[in-house]
Amino acid sequence: MPLTSVREQVGVLSGRLARLRRATFRQLAADCRGTYEVVARFLAVLELYRQGRVGLDQMAPLGDLYVSWTAGDQPDHETSTQKADE
């Protein structure tokens, strides 16, 4: 039984990134309780990127991945979770 879902992590990241505006994936995953949650959070980053809600930058190969919020001031949890299901 999954401990978390990508949908849940999209909501977590939407709220956090709308507030922070930019963070490394390392910072965004610092509070994860295990590998499963880190993977779900990374898949959520990819989903947010697919939706056009975040930008991704990596300054050097294998360097930190920077995630920037591009969707405006407020996270739209309902839209984020609906699109995650599609």
Side-chain angles (χ1 to χ4, degrees):
M1 179 142 184
L3 303 174
T4 189
S5 67
V6 174
R7 170 190 250 183
E8 180 182 342
Q9 295 304 313
V10 165
V12 168
L13 290 178
S14 293
R16 191 171 295 170
L17 285 166
R19 188 177 66 256
L20 296 174
R21 311 307 291 172
R22 181 177 163 100
T24 64
F25 182 74
R26 184 184 316 268
Q27 292 169 315
L28 295 172
D31 65 330
C32 290
R33 294 176 299 232
T35 304
Y36 186 87
E37 196 168 307
V38 173
V39 171
R41 194 155 296 176
F42 185 73
L43 291 173
V45 166
L46 295 178
E47 177 61 26
L48 288 167
Y49 180 78
R50 186 184 72 81
Q51 294 173 9
R53 299 171 63 80
V54 299
L56 302 175
D57 295 303
Q58 191 172 31
M59 305 305 174
L62 304 177
D64 279 331
L65 178 65
Y66 288 86
V67 184
S68 301
W69 184 250
T70 60
D73 290 337
Q74 297 296 319
D76 183 353
H77 295 291
E78 188 172 315
T79 301
S80 297
T81 56
Q82 286 174 354
K83 288 184 180 180
D85 289 336
E86 295 175 354

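Pairs engaging residues 62-72 under the salt bridge (charged side-chain N to carboxylate O under 4.0 Å, His left out) rule: Arg26-Asp64 [sequence neighbours left out].
In terms of the side-chain hydrogen bond (donor to acceptor under 3.5 Å, both in side chains) criterion, residue partners of Arg22 (sequence neighbours excluded) are, by chain and number, Asp57, Ser68. Remark: Phe25 pairs with Ala29, Val38, Arg41, Phe42, Val45, Leu65 by the side chain to side chain contact (heavy atoms under 4.5 Å, CB included) rule, at least two apart or across chains. Partners of Thr70 according to the side-chain hydrogen bond (donor to acceptor under 3.5 Å, both in side chains) rule, which considers only residues two or more places apart in sequence or in another chain, do not exist here. With sequence neighbours left out, the side-chain hydrogen bond (donor to acceptor under 3.5 Å, both in side chains) criterion links Gln27 to Thr24. Judged as a ring pair (Phe, Tyr, Trp, His ring centres under 6.0 Å), and not counting sequence neighbours, Tyr66 has no contacts.
Of the possible polar contacts, none joining the Arg53 side chain to the Ser14 backbone as a donor-acceptor pair under 3.5 Å is found.
Going from atom CG of Leu13 over to atom CH2 of Trp69 covers 9.0 Å, rounded to the nearest 0.5 Å.
Following chains of ILVMFWY side-chain contacts shorter than 4.5 Å, one can reach Val6 starting from Tyr49, so the two form part of one hydrophobic cluster. Leu43 is connected to Leu56 through a chain of hydrophobic side-chain contacts under 4.5 Å among Ile, Leu, Val, Met, Phe, Trp and Tyr, so both are in one cluster. When the side chains of ILVMFWY residues are joined at heavy-atom separations under 4.5 Å, either directly or via intervening members, Leu46 and Val54 end up in a single hydrophobic cluster.
Using a 4.5 Å heavy-atom cutoff, the side chains of Thr4 and Tyr36 are in contact. By the 4.5 Å heavy-atom criterion applied to side chains, Arg16 and Asp31 are counted as neighbours. Taking 4.5 Å as the limit, every side-chain heavy atom of Glu37 sits out of range of all side-chain heavy atoms of Leu3.
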